[in-house]
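Notes follow the structure.
A note on names: the letters A, B, ... follow the listed sequences, proteins ahead of strands, and every chain is numbered from 1.
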Amino acid sequence: MGEAFGKGCHLHLIDGSAFIFRAYHALPPLTRKSDGLPVGAVAGFCNMLWKYVQEDAGSNAPTHAAVIFDHSSKTFRNEIYNAYKANRPEPPEDLRPQFPLTRDATRAFNIACIETEGFEADDIIAAYACRAREAGGRVTIVSSDKDLMQLVGDGVEMLDPIKNKAIGPDEVFEKFGVGPDRVVDVQALAGDAVDNVPGAPGIGIKTAALLIQEFGDLEALLERAGEIKQPKRRQTLIDHAEQIRVSKRLVQLDCNTPLDVPLEELGVQAPDPARLLSFLTDMEFRTLTNRVAEKLGAEAPAVKAAPQSEAPAAPELPAIDITGYETVTDMAALQTWVDAIREAGEVAFDTETTSLDDMRAVLVGISLALAPGRACYIPFGHVSGSDDLFGSAQPVAGQLPMAEVLAALRPVLEDASILKIGQNVKYDWKLLARNGIRMAPVADTMLMSYALNAGTHNHGMDELAERYLGHKCIPIKDLIGSGKSQIHFGQVAIDKAAPYAAEDAEVTLRLYRHFAPMLPAERVVTVYHTLEAPMIPVLGQMEMTGVKVDTQVLSRMSGAFAQKMAQLEDEIYGLAGGSFNIGSPKQLGEILFDRMGLAGGKQGKTGAFSTSADVLEDLAAEGHDLPARVLDWRQISKLKSTYTDALPTYVNPDTGRVHTCYSIAGAQTGRLASTEPNLQNIPIRTDEGRRIRQAFIAPEGHRLVSLDYSQIELRILAHVADIPALKQAFREGIDIHAMTASQMFGVPVEGMDPMIRRRAKAINFGVIYGISGFGLSRNLRIPRAEAQSFIDTYFERFPEIRAYMDRTVADAKADGSVRTLFGRRINTPGINQSGPAAGGARRAAINAPIQGAAADIIRRAMIRMPAAIEGMPARMLLQVHDELVFEVEENAVEPLIARAREVMEAAAEPAVKLSVPLVVDAGQGANWAEAH
DNA sequence: ACGCTCACG
DNA sequence: GACGTACGTGAGCGTA
């Protein structure tokens with residue numbers, strides 16, 4: 001049995017245990033519908049295996065493969081050192097029953113499944129790798145575990161399955177500072193907290209690598225430890241020599257581990273479709289089952305329905321078939337669809353247009369879907385040819401006129417009793433609004449996904465279809481191409497456009513049926529209905545209104561910037577002794593740190609010097625002129641290219657105004673994001689930059705009014721963390737940063753040193769972000785120890801904050817998500833990771849409920865605003881996270897401010913009664929600079 | 001396509 | 001004293 005293994009063969013060894021833990025932590029705790037068996041890790045494991053099997057590895061394709069598992073807690077290493085891996089926590093309760101299932105899964109995929117009682121997976125992998133190497137074959141270890149890196153080299157390499165990146169000797173060197181053959185020496189010295197390998201106290205990988213580089217190998221080092229210059233380090237190595245030798249035996253993998261299954265029997269075989277599908281069906285993995293069935297060309301057995309006690313299971317849906325859609329070309333057929341929509345009471349739809357920019361786009365067709373398999377496309381704006389030198393675009397024959405299509409659809413689109421279901425509805429809403437149709441009511445699958453899955457993944461249709469329907473949509477590029485030769489959708493032939501457009505409608509319908517029942521079940525139905533869906537008409541209207549921009553002001557500024565830049569360029573070239581591209585960080589770094597030999601050059605992971613403002617400011621402070629000039633140049637260059645030059649290109653020729661586009665589901669926390677152009681990052685912090693705001697103007701007879709929440713995030717923190725001192729200060733309306741400083745340093749608020757207040761302010765902000773001593777020290781440019789002692793004092797004085805942070809992180813770990821005061825859920829998939837990534841996930845989890853609640857509050861204000869200012873000669877134009885900008889007739893400025901302020905200050909109510917007041921500051925002027 | 005840098009809250 | 005380090009965004013530029 002089996003194929004001989006030798007030259008030309010390629011063995012893949014998959015680290016099964018790592019796969020399982022990765023899968024477990026990456027996925028929410030899924031259970032099998034029929035009996036509640038936890039299967040999340042099995043699902044993830046199967047997805048990873050399937051992806052691995054599917055991947056076309058080309059010349060790296062395996063001829064032999066096996067998945068290796070751990071099987072036992074006690075191994076020979078415990079005889080060497082009884083505390084080995086003693087720190088390992090027990091696997092979670094709901095993971096344990098999944099271990100045997102992952103073995104079954106491996107076998108179902110027809111991949112050899114290897115485990116041996118009393119041996120660790122790493123040693124088995126080592127033994128196979130050695131045998132394969134001896135036989136002259138190649139080996140790929142599918143894992144990113146650093147403990148396996150000692151095996152790399154001589155035809156053995158690793159593959160990080162997540163990053164899909166090969167790990168060879170170079171990458172090992174990057175990680176350990178030595179080649180694969182000396183990795184064990186470094187590990188022996190550095191030890192490993194996770195596996196409880198002691199190593200040498202106080203020696204980490206960096207130091208270990210230096211020592212090994214200097215002395216050649218571990219034995220030489222230990223014998224000649226007396227030669228080490230640093231006294232402390234020398235003593236450590238002498239004192240702990242034995243412990244280090246033991247550590248080496250712990251980290252050294254054993255190539256002589258007995259192998260129950262010989263190499264020859266690991267030959268790759270295609271999975272047996274029946275067996276694999278029966279396993280997946282048994283697990284009730286519907287999506288994966290369908291995907292696998294489709295690929296293997298086999299019939300997918302029906303996934304077992306949920307038991308009667310649950311809500312009745314949805315009937316099994318047929319796969320999406322894009323060949324059977326109708327193209328509507330006459331009024332009778334269209335009327336049949338309209339009647340059917342009335343009958344159904346809801347319809348999924350999608351609009352096709354000539355552009356992604358919804359303020360310039362022209363409608364070319366509409367697709368509808370009423371049921372799986374029942375969808376159509378109504379083309380009306382398709383053309384042949386294009387408007388160019390050689391002729392003009394001609395309408396394609398056989399289409400209904402747009403006016404008639406819209407007239408026929410208008411009654412259902414505006415019918416309050418018929419639900420219109422779309423994906424990213426704001427886009428379609430605006431196109432219809434531009435054609436005089438006020439569509440309502442609507443449901444948006446993108447926003448449903450956002451309410452359910454913020455933090456887990458993005459919410460574009462292609463991604464949702466693949467993830468939740470197991471369906472790959474036709475890529476738009478297949479129709480319109482890309483790059484220079486790209487055409488618009490109206491230029492696509494109707495017989496190609498129809499399946500694409502109708503598919504989108506059907507996918508939207510299926511996504512709606514998938515997500516809608518989950519909203520109440522996941523307790524985000526209120527968030528969806530009060531904070532997401534109502535934003536569609538509000539933002540749609542703001543975006544259509546746009547803001548007036550004075551391009552002449554910008555153009556004059558641009559000219560002045562150009563002059564100033566030219567002057568700075570001359571000075572910089574003079575100082576550098578030659579010209580170079582100042583805008584290239586690479587060239588600048590070489591000039592500063594190589595040519596001029598300045599100190600403080602720090603190289604990042606790409607090996608390039610950092611030339612960020614931080615670094616340049618330090619150099620400038622040491623008295624170097626060139627970095628100071630570059631800082632000036634950079635600032636002006638930024639203002640010119642991003643603002644004065646780019647903004648005028650966004651002025652819409654039809655309206656003469658700039659129409660940004662807000663993403664409702666872009667940020668993880670509930671904040672909006674503004675694009676094309678981004679009007680949420682217009683300069684204000686420097687005087688020069690602030691002048692850009694003079695170009696945002698009110699038309700004749702009008703004023704711009706800006707209202708912004710004062711300290712909203714700190715107020716929310718005071719409320720949710722329940723901090724009496726902070727709450728009282730806000731109630732009394734005193735300077736919050738001065739109060740903090742006074743409490744921390746015991747100085748009176750009266751006559752306070754501005755520096756002290758500045759520090760307190762930095763801490764107040766830092767705390768919202770999950771502060772560290774390092775971060776604060778860098779921000780304030782003070783020694784780390786000092787920064788740390790500030791933080792310690794702060795937590796001592798306001799102990800509720802530490803409690804809030806701990807509570808939030810604990811919730812995130814337990815639930816995989818955190819929530820805002822208003823119920824918005826933000827998933828925290830990375831929170832149970834270990835290593836450096838864990839810190840970031842922790843801070844994000846602490847910040848999300850605060851930033852998110854502030855976002856919820858201003859959303860609530862915006863949603864109420866149109867009704868509140870109804871009848872006033874005022875329009876809401878912009879949102880900048882804690883600020884709303886209005887355009888108002890001059891004589892109505894004061895009433896508008898009063899009304900809008902009232903709405904904003906009461907926006908949390910009645911859902912939440914905050915224990916601190918919300919305060920809104922207002923300003924007004926002829927332009928945004930004056931108003932703010 | 002990706003990293004760097006920098007604009008905002 | 002090993003390791004990395006403030007949260008959330010989008011745009012323009014240089015480089016590969």
Side-chain angles (χ1 to χ4, degrees), chain A residues 186 189-193 199-209 232-233 236 455 581-589 604-616 630-631 634-635 637-643 645-647 650 660-663 666-686 689-690 692-693 708-709 711-713 762-763 765-779 784 787 791 826 834-852 854-855 858 879-883:
Chain A
V186 168
L189 285 165
D192 184 335
I203 305 276
I205 287 181
K206 285 281 166 73
T207 313
K232 210 163 168 193
R233 200 174 282 174
T236 302
N581 185 346
I582 307 171
S584 161
K586 187 164 170 272
Q587 293 182 31
L588 177 63
K605 48 188 155 196
T606 55
F609 292 110
S610 171
T611 65
S612 65
D614 262 6
V615 174
L616 298 188
V630 170
L631 279 168
R634 278 226 184 120
Q635 198 204 348
S637 160
K638 175 83 175 178
L639 294 176
K640 183 170 186 296
S641 68
T642 308
Y643 300 103
D645 289 353
L647 270 175
Y650 286 102
T660 185
C661 181
Y662 290 102
S663 353
Q668 324 257 314
T669 53
R671 273 195 177 180
L672 302 178
S674 158
T675 62
E676 289 186 313
N678 181 355
L679 296 186
Q680 294 182 319
N681 72 345
I682 304 301
I684 193 168
R685 291 176 188 171
T686 66
R690 185 189 286 254
I692 306 269
R693 292 186 175 227
D708 67 290
Y709 284 107
Q711 310 285 7
I712 188 167
E713 293 193 356
I763 299 175
F765 279 112
V767 105
I768 292 172
Y769 303 145
I771 199 165
S772 73
F774 179 89
L776 185 66
S777 79
R778 206 174 47 173
N779 188 305
R784 236 183 106 167
I791 293 172
I826 296 122
S834 54
R842 217 184 96 89
R843 292 189 295 269
I846 290 168
N847 176 258
I850 302 170
Q851 189 181 113
I858 196 164
Q879 189 250 43
V880 193
H881 308 308
D882 63 357
E883 173 188 11

Look at all strands and tell whether [X] reaches a base, only sugar-phosphate, or nothing, counting heavy atoms closer than 4.0 Å.
X	result
A:Arg671	base
A:Gln587	sugar-phosphate
A:Ala762	base
A:Ser772	base
A:Arg233	nothing

Between A:Arg634 and A:Thr611, do the side chains contain a donor N or O and an acceptor N or O under 3.5 Å apart? yes
Within less than 4.0 Å of OP1 or OP2 of B:dT5, is there a side-chain N or O belonging to A:Ser610? yes
Below 4.0 angstrom from OP1 or OP2 of B:dA7, is there any side-chain N or O of A:Arg685? no
Can you tell me the pairing partner of B:dC2 across any strand shown, Watson-Crick or G-U wobble, with both distances under 3.5 angstrom? C:dG14
Mind checking who B:dC8 pairs with, Watson-Crick or G-U wobble, both distances under 3.5 Å? C:dG8
Integer angstrom distance from the P of C:dT5 to that of B:dT5: 14 Å
What integer number of Å spans the P atoms of B:dA7 and C:dC3? 32 Å
Please find the earliest and latest nucleotides of DNA chain C, in the 5' to 3' direction, that have an atom within less than 4.0 Å of any heavy atom of chain A. C:dA2 to C:dA16
Flag, side chain of A:Gln587 to backbone of A:Asn581, donor-acceptor distance under 3.5 Å: yes
